[in-house]
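Here the structure comes first, spelled out in structure tokens, and everything after it is commentary.
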Amino acid sequence: MFTLFSPCCEKCTHTQDNPCKDLIECALRGPLCHDSQSCHEKKQNRLNFLNGEDPKYTYVYVGMGTCGMAAGAEKIYNYMSKQLEKREIPAVVKKVGCFGLCTQEIMVDVKKPGSPRISFSQVTIEKANEILDIFVEHDALPNGYVLGSIAMNEENSAKLNGQVKPIEEHPIMRKQKRVVLRNCGIIDPESLEEYVMRGGYNALSTALFKLKPEEVINTIIESGLRGRGGGGFPTGRKWFFTRKAQGDRKFIICNADEGDPGAFMDRSVLEGDPHSVIEGMIIAAYAIGANEGYIYVRAEYPLAINRLKKAIADLEANGLLGDNILGSGFNFYLKLKMGAGAFVCGEETALIASIEGKRGTPRPRPPYPANSGLWGYPTNINNVETLANVPVIIGKGAGWFKAIGTPRSTGTKVFAITGKTKNSGLIEVPMGISLREIIFELGGGLQDNKKFKAAQIGGPSGGCLPAELLDTAIDYDSLQKAGAMMGSGGLVVMDEETCMVDVAKFFLNFTKNESCGKCIPCREGTARLLEILETIVNSDRENTEASLLKRYQTLAQLERLAYVIKDTAACGLGQTAPNPVLSTLKYFKEEYQAHVFEQHCPAKQCRGLLVYKIDPNRCRGCGICAKKCPNGAIVGERKHSHYIVADKCLRCGACVEFCPFDAITVN
Amino acid sequence: MSKICCCSKDLLAGQDEKIQKLFRSYSKGEENALIPILQETQGIYGYLPKPILYLTSEYLHIPIGKIYGVATFYNQFRLKPVGKYLIQVCAGTACHVRGGGLILQALESELGIKAGETTQSGLFTLSTVACLGACSMAPVVTIDGDFHGRLQPKEVVKLLRDYEMKE
Ligand SMILES: Cc1cc2nc3c(=O)[nH]c(=O)nc-3n(C[C@H](O)[C@H](O)[C@H](O)COP(=O)(O)O)c2cc1C
Ligand code: SF4
Ligand code: FES
């Protein structure tokens with residue numbers, strides 16, 4: 001089979017051992033070293049085939065990221081393939097990554113010869129049949145689940161006919177700016193050729209042959225790119241320090257240990273476009289003078305791991321990784337390391353310890369990894385999303401990148417928006433956009449038109465922002481000022497049915513379990529904080545003056561302890577662990593007060609505070625509840641109203657579930 | 001006290017073929033091979049059997065205490081065998097907000113075990129994980145790798161029945 005990297009004729013000198021420096025450009029516009037119309041056509045035909053432009057075929061793209069797979073995309077993929085064969089329609093069926101519209105899964109795109117690529121949502125077997133019957137066979141559009149059209153290139157977008165709106169006009173897409181997600185859901189992530197077709201590895205060629213390492217670093221500094229892993233440290237400066245550091249060996253590590261329990265940005269990028277991250281890594285390695293690299297990826301991401309493995313193997317086979325990359329004389333060896341499920345290993349020094357085979361406990365900095373990292377050598381660590389930005393900055397220039405976002409937070413940020421919004425999924429927005437726009441425009445507002453209560457941003461290190469702060473701009477500094485943080489991009493939206501004390505408790509329980517245990521403020525402090533929260537989400541069974549006094553003191557203790565942990569813990573995990581508590585205390589104090597003083601949970605989420613009662617007017621005395629109560633707390637005669645003995649009630653809710661007359665009230 | 005250096009004896013003699021192959025792909029004394037070896041061992045057995053941990057200790061020249069230190073530090077590793085079906089309940093933020101806690105509770109009371117334990121029948125192991133990446137379907141549970149989303153506590157109990165019926 002002829003690929004973009006196959007020799008076009010005997011004049012081509014490119015081999016894996018002696019790679020041609022023009023390989024990438026030649027693939028797109030070649031041949032460059034000799035004149036031949038037939039060689040040119042061969043390459044163009046291949047590009048057309050890859051781009052869905054081969055007039056012989058109907059192209060079908062099935063979204064097969066984790067969310068698509070969870071929704072059953074594999075079945076649709078197999079079904080479509082079989083049906084197309086049965087109907088004798090020449091077709092290419094491709095697996096693509098996550099497009100980000102997770103609520104619309106399973107997404108299937110179809111591109112017929114000469115027509116644009118049309119995207120269909122929530123495809124089932126029935127809909128798949130309909131798409132085949134009426135669209136593929138008869139060019140008519142089915143009703144109700146056409147999402148829009150996707151332009152594969154500029155020329156193509158001109159061909160869009162008025163029938164279908166471009167997908168960019170879909171509410172969830174309208175305000176997005178896709179830089180990192182440029183290829184996600186569009187290309188087959190396992191195909192190096194398709195990545196190159198979309199302009200991939202061009203930036204690497206530019207860096208290797210036209211720029212000195214210092215110039216690469218300056219471009220990144222100039223662009224204002226800041227780390228997307230949470231801290232927001234200027235990426236170019238970090239590279240500069242690692243370049244300057246003395247060492248016989250240098251390393252670069254890609255931090256793909258995405259630990260925020262409710263976020264999946266990095267995973268989607270790795271699954272949907274692994275080459276963008278690897279290209280960024282090779283450029284970074286060239287800039288800082290590192291010849292060895294590791295991608296530290298969570299073992300819970302099997303799909304991402306397989307795609308990375310495939311990408312690395314393809315690159316090695318084509319002279320883009322290993323010795324003498326593209327004949328530039330630059331060597332770079334890349335390995336995968338699987339994490340083993342420890343949140344703290346996202347912290348850079350713990351991550352390094354983990355690669356060395358040890359328990360992942362952080363160590364004090366300085367020395368920073370830039371000077372003493374993996375096995376004591378200078379090491380640069382960057383997040384997945386940070387690295388995926390790099391090829392675009394080198395390709396389009398620092399000025400282009402800087403024009404997006406705000407002066408101090410340039411570029412875009414990817415968020416995983418989940419919780420109670422209508423649309424959930426992956427979005428990429430320019431920095432500086434407001435929280436309101438994200439939640440009410442892209443997210444489509446809240447489900448069932450419930451009232452917005454809070455947005456949790458930044459995961460276990462971040463905070464909860466209330467409705468008053470909906471106009472906060474999404475950039476590093478504004479979020480910090482509001483008491484949250486950018487974090488890695490988790491954004492969970494909550495409505496009035498969410499209890500903020502419970503949310504704080506949820507995160508604290510997480511950080512307590514994930515504390516590495518090395519330092520006391522974090523190990524003991526988070527446990528004590530959690531203990532206090534446990535006290536206030538349960539009712540006071542003793543009900544004596546002493547016990548109530550103790551209960552009332554918890555509010556003050558909570559705040560004081562939170563600050564002690566923040567000030568004294570050794571690493572970022574401990575220092576930020578109290579943030580969810582502090583931000584909810586700040587913005588939702590009344591809710592804490594209701595729990596503490598009135599022993600009442602306004603959102604009715606804290607079981608320990610619920611009071612179950614039987615409404616005597618509705619109860620018919622059927623006795624079902626009494627049978628279902630596991631603790632015999634319900635008494636009463638048949639055909640007479642029943643009664644719940646408060647002291648015996650376990651608050652399990654079994655009675656509510658089984659009462660045929662809705663006679664049990666919960667408060 | 002006489003000490004025989006392990007380098008001279010073949011530690012792997014008599015071991016399972018898969019284990020031999022696994023160990024031979026790393027060199028003796030290679031400290032950073034510890035986590036990959038544990039991961040692959042768990043891949044073979046579903047947990048970390050004690051004899052293999054001792055073998056790893058000798059092979060990599062790492063004291064057994066340190067090996068247990070690593071094996072108990074990381075959430076991924078299990079020191080006990082798993083049941084036939086592994087149930088993973090998502091304990092991520094989105095699932096929590098949409099009632100994941102009730103799902104876990106329902107499973108715990110139905111199976112009569114806590115998260116992290118295996119039923120006596122050896123059929124189910126219950127565990128929690130952080131975000132399965134299908135938040136749009138929250139709350140999410142995977143059983144034996146299959147995803148089940150937008151669940152109600154009652155439904156999840158029904159799901160269990162389906163798996164029990166298979167037996
Ligand atoms: C407890 C803790 C967890 C972290 N988890 C992650 C993570 O999952 N992914 C990540 O990229 N960075 C994480 N970080 C930040 C890293 O330590 C580091 O700052 C980052 O990888 C640097 O890359 P960047 O400059 O490109 O953001 C974490 C930090 C702490 C303190
Ligand atoms: S703050 Fe917590 S996680 Fe960090 S070193 Fe201390 S104990 Fe470990
Ligand atoms: S939080 Fe459960 S799948 Fe993401």
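Proteins come first, then strands; the chains are lettered A, B, ... in the order of their sequence lines, and each starts at number 1. Note that the structure is predicted; figures quoted are calculated from it, not measured.
With respect to chain A, the highest number of heavy-atom pairs below 4.5 Å among Met137(B), Glu30(B), His148(B) belongs to Met137(B). Here Gly339(A) is the residue among Cys499(A), Gly490(A), Gly425(A), Gly339(A) with the most heavy-atom pairs under 4.5 Å with chain B. Heavy-atom pairs under 4.5 Å with chain B were tallied for Glu258(A), Glu300(A), Lys337(A); the largest tally goes to Lys337(A). Your options are Gln605(A), Arg359(A), Gln456(A), and the one with the most heavy-atom pairs under 4.5 Å with chain B is Arg359(A). Highest contact tally toward chain A, considering only Val97(B), Leu60(B), Thr93(B), is held by Thr93(B) [criterion: heavy-atom pairs under 4.5 Å]. Heavy-atom pairs under 4.5 Å with chain A were tallied for Asp146(B), Leu132(B), Thr142(B); the largest tally goes to Leu132(B). Between chain B and the residues Ala299(A), Ala416(A), Ser354(A), the most heavy-atom pairs under 4.5 angstrom are made by Ser354(A). Between chain A and the residues Pro153(B), Gly133(B), Gly149(B), the most heavy-atom pairs under 4.5 angstrom are made by Gly133(B). When each of Pro460(A), Gly65(A), Cys67(A), Ala70(A) is scored by its heavy-atom pairs under 4.5 Å with chain B, the top score falls to Ala70(A). Per-residue counts of heavy-atom pairs under 4.5 Å with chain B were compared for Gly360(A), Gly419(A), Ser424(A); the largest is that of Gly360(A).
Heavy-atom contacts from other residues, nucleotides or ligands closer than 6.0 Å to NZ of Lys450(A) number more than 12. By the neighbour-count criterion of 12 heavy atoms within 6.0 Å, atom NZ of Lys628(A) is sparsely surrounded, having that number or fewer from other residues, nucleotides or ligands. With a 6.0 Å radius and a threshold of 12 heavy atoms from other residues, nucleotides or ligands, Lys166(B) has its NZ atom above the threshold. Around the NZ atom of Lys66(B), the shell of radius 6.0 Å holds no more than 12 heavy atoms that belong to other residues, nucleotides or ligands.
Within the 4.5 angstrom heavy-atom criterion, atoms from both the backbone and the side chain of Asp502(A) approach chain B. Looking at Gln447(A), the atoms closer than 4.5 Å to chain B (heavy atoms on both sides) all sit in the side chain, from C-beta outward. Contacts of Ala91(B) with chain A are made by backbone atoms alone, with heavy-atom separations under 4.5 Å and no side-chain atom involved. Phe507(A) touches chain B through its side chain: at least one heavy atom from C-beta onward sits under 4.5 Å away, while N, CA, C and O do not. Leu102(B) touches chain A through its side chain: at least one heavy atom from C-beta onward sits under 4.5 Å away, while N, CA, C and O do not. Residue contact with chain A, scored on non-hydrogen atoms closer than 4.5 Å, is absent for Ser109(B). The part of Glu514(A) that comes within reach of chain B is its side chain, from C-beta onward, which places non-hydrogen atoms under 4.5 angstrom from that chain.
Annotation: side chain of Lys358(A) is in contact with side chain of Glu31(B) (closest heavy-atom distance under 4.5 Å). Side chains of Thr418(A) and Arg98(B) form no contact here, defined as non-hydrogen atoms less than 4.5 Å apart.
Nearest heavy atoms, Cys135(B) versus Phe264(A): SG-CE2, 3.4 Å.
For residues 110-131 of chain B, a heavy-atom distance under 4.5 Å to chain A picks out Ala130(B), Cys131(B), given by residue number. Within residues 34-49 of chain B, the residues that have a heavy atom under 4.5 Å from a heavy atom of chain A are Leu34(B), Ile35(B), Pro36(B), Gln39(B), listed by number.
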- prompt: Yes or no on side chain to side chain contact (heavy atoms under 4.5 Å, CB included) for Glu657(A) and Lys154(B), after CA distance, side-chain angles and deciding distance?
  reply: CA-CA 10 Å; Glu657(A) 234 167 84; Lys154(B) 273 185 205 158; 3.4 Å; yes
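Rounding to the nearest 0.5 Å gives a distance of 10.5 Å between OG of Ser136(B) and CG of Asn423(A).
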